[in-house]
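Note that these values count all heavy atoms, side chains included, but never hydrogens, waters or copies made by symmetry. Here is how names work: the chains are called A, B, and so on, in the same order as the sequence lines, proteins then strands, and each is numbered from 1.
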Amino acid sequence: MNELYRNIYRLVAQIPEGRVATYGQIAALTGNPRAARTVGWAMHSVPRELRLPCHRVVNRAGQLAPLHIFGPGMQRALLEAEGVTFNRQGCINMRAHLWRGPKDQAGY
DNA sequence: GGTTTGACCCGTT
DNA sequence: CAACGGGCCAAAC
């Protein structure tokens with residue numbers, strides 16, 4: 001396990017409920033702003049034992065990664081259960097739920 | 001060891 | 001404002 005992956009996993013694990021982060025954001029926080037794809041691959045290769053909220057990681061468009069995680073429509077249900085709202089286009093309301101960063105956890 | 005693909009992002013047309 | 005193409009990083013063939 002490389003440190004890059006550990007950073008990614010850690011950041012993803014720090015995403016609070018009701019909030020979503022983008023691959024680019026995670027990549028930037030890991031020190032590789034252009035490694036968004038790597039983050040996606042890391043999510044693909046993430047063990048379930050870590051219980052990482054991969055369903056809270058979405059693309060820039062606010063669209064969820066198509067049925068890769070638990071099942072079709074399952075991801076949206078999970079996010080909705082956490083309080084995430086979706087707009088008419090089926091995309092997450094990034095304006096309201098986009099994760100501001102690890103510091104957002106400190107409070108505010 | 002080089003080439004292709006992938007849960008992506010940004011700039012230009 | 002929406003669509004198209006190029007670019008970056010890592011893993012699989």
Side-chain angles (χ1 to χ4, degrees):
Chain A
M1 188 84 62
N2 297 345
E3 290 186 2
L4 174 61
Y5 274 56
R6 279 195 281 184
N7 283 321
I8 293 170
Y9 294 150
R10 184 171 294 199
L11 286 168
V12 173
Q14 260 73 79
I15 302 174
E17 296 183 2
R19 214 149 301 189
V20 292
T22 68
Y23 295 98
Q25 187 124 38
I26 300 294
L29 291 171
T30 48
N32 295 305
R34 312 285 176 243
R37 314 199 82 192
T38 309
V39 176
W41 198 257
M43 293 290 101
H44 174 87
S45 187
V46 69
R48 296 182 181 176
E49 288 73 39
L50 295 179
R51 274 207 199 154
L52 290 185
C54 40
H55 56 274
R56 290 181 198 151
V57 183
V58 296
N59 55 11
R60 236 337 191 164
Q63 180 81 59
L64 304 180
L67 3 117
H68 279 318
I69 311 185
F70 303 98
M74 198 66 183
Q75 192 174 12
R76 188 174 71 177
L78 288 169
L79 289 170
E80 285 182 326
E82 291 183 358
V84 177
T85 58
F86 287 73
N87 59 16
R88 199 50 61 89
Q89 295 176 344
C91 301
I92 299 176
N93 193 350
M94 308 295 284
R95 295 292 245 166
H97 299 293
L98 180 60
W99 187 35
R100 295 179 180 178
K103 300 184 177 183
D104 188 32
Q105 240 191 105
Y108 236 101

Side-chain donor-acceptor distances from residues 23-51 of chain A under 3.5 Å, at least two apart:
residue, atom, partner, partner atom, Å
Thr30(A), OG1, Ile26(A), O, 3.1
Thr30(A), OG1, Ala27(A), O, 2.5

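Counting all heavy atoms, side chain and backbone alike, Gln63(A) lies closest to Gly90(A) at NE2-O, 3.8 Å. Closest approach of Ala21(A) to Ile15(A), counting heavy atoms only: CB-CD1, 3.7 Å. The two residues Glu82(A) and His55(A) make their nearest non-hydrogen contact at OE2-NE2, 3.1 Å. Annotation for Ala13(A) and Leu52(A): closest pair CB-CD2, 3.6 Å, computed over non-hydrogen atoms.
When the C1' atom of dA7(B) is taken as reference, atom CD1 of Ile92(A) falls 13 Å away, rounded to whole Å.
When DNA chain C is scanned in the 5' to 3' direction for atoms under 4.0 Å from non-hydrogen atoms of chain A, the outermost contacting nucleotides are dC8(C) to dA11(C).
Within the model, atoms CZ of Arg10(A) and CD of Glu3(A) stand 10.0 Å from one another, a figure rounded to the nearest 0.5 Å. Between Leu78(A) atom CG and Glu17(A) atom CD the span is 10.5 Å, to the nearest 0.5 Å.
Side-chain atoms of Met94(A) and Val20(A), non-hydrogen and from C-beta on, do get closer than 4.5 Å to each other.
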Apply the test side-chain contact (heavy atoms from CB on, under 4.5 Å) to residues Leu79(A) and Arg76(A): give CA-CA distance (whole Å), side-chain angles for both, the deciding distance (0.1 Å), then the verdict. CA-CA 5 Å; Leu79(A) 289 170; Arg76(A) 188 174 71 177; 5.7 Å; no
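For the segment residues 77-85 of chain A, no residue has any heavy atom less than 4.0 angstrom from an atom of DNA chain C. Residues from residues 44-55 of chain A that place a heavy atom under 4.0 Å from any atom of DNA chain C: there are none.
For dA3(C) and dA7(B), the C1' atoms lie 22 Å apart once the distance is rounded to whole Å.
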According to the Watson-Crick and G-U wobble definition with distances under 3.5 Å, which dot-bracket string, read 5' to 3', encodes DNA chain C, using [ ] for crossing pairs and | for pairs with another strand? .||||||.|||||
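Along DNA chain C, the nucleotide nearest Arg37(A) and the nucleotide nearest Asn2(A) are compared for position; the residue whose nucleotide lies closer to the 5' end is Arg37(A).
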All N/O pairs under 3.5 Å across the protein-nucleotides 9-13 of chain B interface:
residue, atom, partner, partner atom, Å
dC9(B), OP1, Arg60(A), N, 3.0
dC9(B), OP2, Arg60(A), N, 2.9

